[in-house]
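Written out below as structure tokens is the structure these notes cover.
Numbers here simply count residues along the sequence, with the first being 1.
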Amino acid sequence: MHSWYLRLSGPSLALAVIVSLLLSSSLFAQGRGRGPSQNAAPSEPTTQDPRLLKFQKEFVEKAEDLGDEYARKQDWAKAKSVFIEILKLAPQYKGAKDKLEAINRNLIGSNRKSLTISANGDWRDTGINVNKGALLRIVAEGKWTFVYEGDADGVEPPRELRDLKLGSLVGYIAVPGDKKPQPFTIGKQRDFAAPASGRLFLKMFDVDNSDNQGTMAVEIGGEFE
């Protein structure tokens, strides 16, 4: 028996064996005895050895049980990581997809922060640090106005105004070393995975925010510190 196997125990052992044995197997997609209506049609397993198939199936079932156990304890981050690994091995397994969606909903609801964004303010530091890929939901309510003053010649729209709506709620994640913010649209509500690791900032999108009026009540939920 290999020494790395002896050093693992409990959840780490189960996941290590699953990964090592199932990287090329679609057994999990066969669904632990569930009917075909609940799962996509599985592809052929890569081995016909009945003992190996049985061994693989036992460990795959334990992986789902492990994820369920974490979910019962409301340890949503660990539960999410287990089902993500399962779906890497069996992307079409509907049972794991459904459970991951439920876990994500709980993650959003279990961690929330509220703040106010002023229309005439610059980038607002939310005080929230996120990791790349973290699930976030941002909801904004309120009214604000933005003002433009000019002459009959008008103004050439800045490049960024062609990609983002004037007056919309936007965000960016401050990454060390970045010299210029890379804003993305949020609007009234958006669920998304953080595009980078760093600090989350919000503001009304405008060329000059100083003459704008109004505020937005913003609630942020999801995976963050």
Side-chain angles (χ1 to χ4, degrees), residues 76-77 79-81 83-84 87-88 91 96-225:
W76 306 119
K80 179 178 179 179
S81 68
F83 284 104
I84 285 175
L87 288 170
K88 286 180 182 178
K97 286 182 178 180
D98 292 344
K99 289 181 179 180
L100 183 58
E101 289 180 4
I103 289 166
N104 285 337
R105 288 194 296 271
N106 280 288
L107 273 169
I108 289 174
S110 64
N111 195 19
R112 294 185 180 184
K113 182 172 184 177
S114 299
L115 64 159
T116 299
I117 305 298
S118 297
N120 62 357
D122 200 356
W123 287 107
R124 168 73 186 275
D125 184 353
T126 65
I128 288 174
N129 296 311
V130 298
N131 293 318
K132 183 176 181 178
L135 181 66
L136 297 171
R137 171 177 291 169
I138 301 180
V139 180
E141 294 184 354
K143 296 288 184 181
W144 54 22
T145 60
F146 54 95
V147 178
Y148 166 72
E149 291 185 6
D151 57 25
D153 287 335
V155 64
E156 177 85 22
R159 186 175 200 61
E160 58 266 26
L161 289 183
R162 302 168 196 173
D163 301 321
L164 302 168
K165 292 182 180 180
L166 195 65
S168 64
L169 178 66
V170 297
Y172 93 94
I173 295 175
V175 178
D178 281 359
K179 296 182 179 179
K180 186 177 180 181
Q182 300 294 322
F184 51 85
T185 299
I186 294 171
K188 291 189 289 187
Q189 178 172 329
R190 183 179 176 187
D191 293 6
F192 64 102
S197 297
R199 189 83 153 198
L200 176 64
F201 288 76
L202 302 174
K203 69 175 287 188
M204 176 210 265
F205 185 68
D206 196 3
V207 178
D208 178 11
N209 289 69
S210 62
D211 54 0
N212 297 331
Q213 299 177 356
T215 60
M216 286 287 166
V218 174
E219 183 173 86
I220 305 169
E223 302 172 271
F224 57 80
E225 300 174 10

- prompt: CG/L115 to CE/M216 distance, rounded to the nearest 0.5 angstrom?
  reply: 13.0 Å
query: Can you tell me how far the CD1 atom of I103 sits from the CZ atom of F83, to the nearest 0.5 Å?
result: 5.0 Å
query: What closest approach, in Å, do A193 and G133 show between heavy atoms, and which atom pair accounts for it?
result: CB-O, 3.8 Å
statement: In this structure, CD1 of I173 is separated from CG of N131 (nearest 0.5 Å) by 10.0 Å
message: What's the separation between atom CD1 in I138 and atom CD in E219, rounded to the nearest 0.5 Å?
response: 11.0 Å
Criterion side chain to side chain contact (heavy atoms under 4.5 Å, CB included) on W144 and N120, from CA distance to verdict: CA-CA 9 Å; W144 54 22; N120 62 357; over 6 Å; no
query: Who are the side-chain contact (heavy atoms from CB on, under 4.5 Å) partners of Q213, not counting sequence neighbours?
result: T145
message: Pair I117, M204 - check side chain to side chain contact (heavy atoms under 4.5 Å, CB included), show working.
response: CA-CA 8 Å; I117 305 298; M204 176 210 265; 5.7 Å; no
- prompt: Below 4.5 Å, heavy atoms only, C-beta onward: do P195 and F184 meet side chain to side chain?
  reply: yes
task: For the pair T126 (side chain) and L200 (backbone), establish whether a donor and an acceptor sit closer than 3.5 Å, ignoring hydrogens and angles.
output: yes
- prompt: At their closest point, which heavy atom of L107 faces which heavy atom of S110, and how far apart are they?
  reply: O-OG, 3.2 Å
Flag, side chain of E223 to backbone of L135, donor-acceptor distance under 3.5 Å: yes
message: For I186 versus G171, what's the shortest heavy-atom pair and its separation?
response: CD1-N, 3.7 Å
- prompt: Pairs in or reaching into residues 193-205: which pass side-chain hydrogen bond (donor to acceptor under 3.5 Å, both in side chains), with residues at least two apart or in two chains?
  reply: D125-R199, N129-R199, K203-N209
- line: Heavy-atom closest pair (V130 atom, A196 atom, distance to 0.1 Å) is CG2-O, 3.8 Å
query: What is the distance from atom CG of N104 to atom CH2 of W76, rounded to the nearest 0.5 Å?
result: 11.0 Å
- line: Minimal heavy-atom distance between V218 and I220, with the atoms involved, is CG1-CG1, 4.0 Å
message: Looking at every heavy atom in both K165 and F205, which two are closest together, and how far apart are they?
response: O-CD2, 3.6 Å
task: Start with the C-alpha gap between N111 and F224, add the side-chain angles, then the distance that decides, and say whether side chain to side chain contact (heavy atoms under 4.5 Å, CB included) holds.
output: CA-CA 8 Å; N111 195 19; F224 57 80; 3.7 Å; yes
- prompt: Does any pair with a residue in residues 136-145 pass salt bridge (Lys or Arg N to Asp or Glu O under 4.0 Å), and if so which ones, sequence neighbours excluded?
  reply: R137-D191
query: R124 side chain to S118 main-chain N or O, any donor-acceptor pair under 3.5 Å?
result: no
- prompt: Do the ring planes of W123 and Y172 sit parallel (below 30°), tilted (30 to 60°) or perpendicular (above 60°)?
  reply: perpendicular
field: Inter-residue atom distance D206.CG - N212.CG, 0.5 Å rounding
entry: 4.5 Å
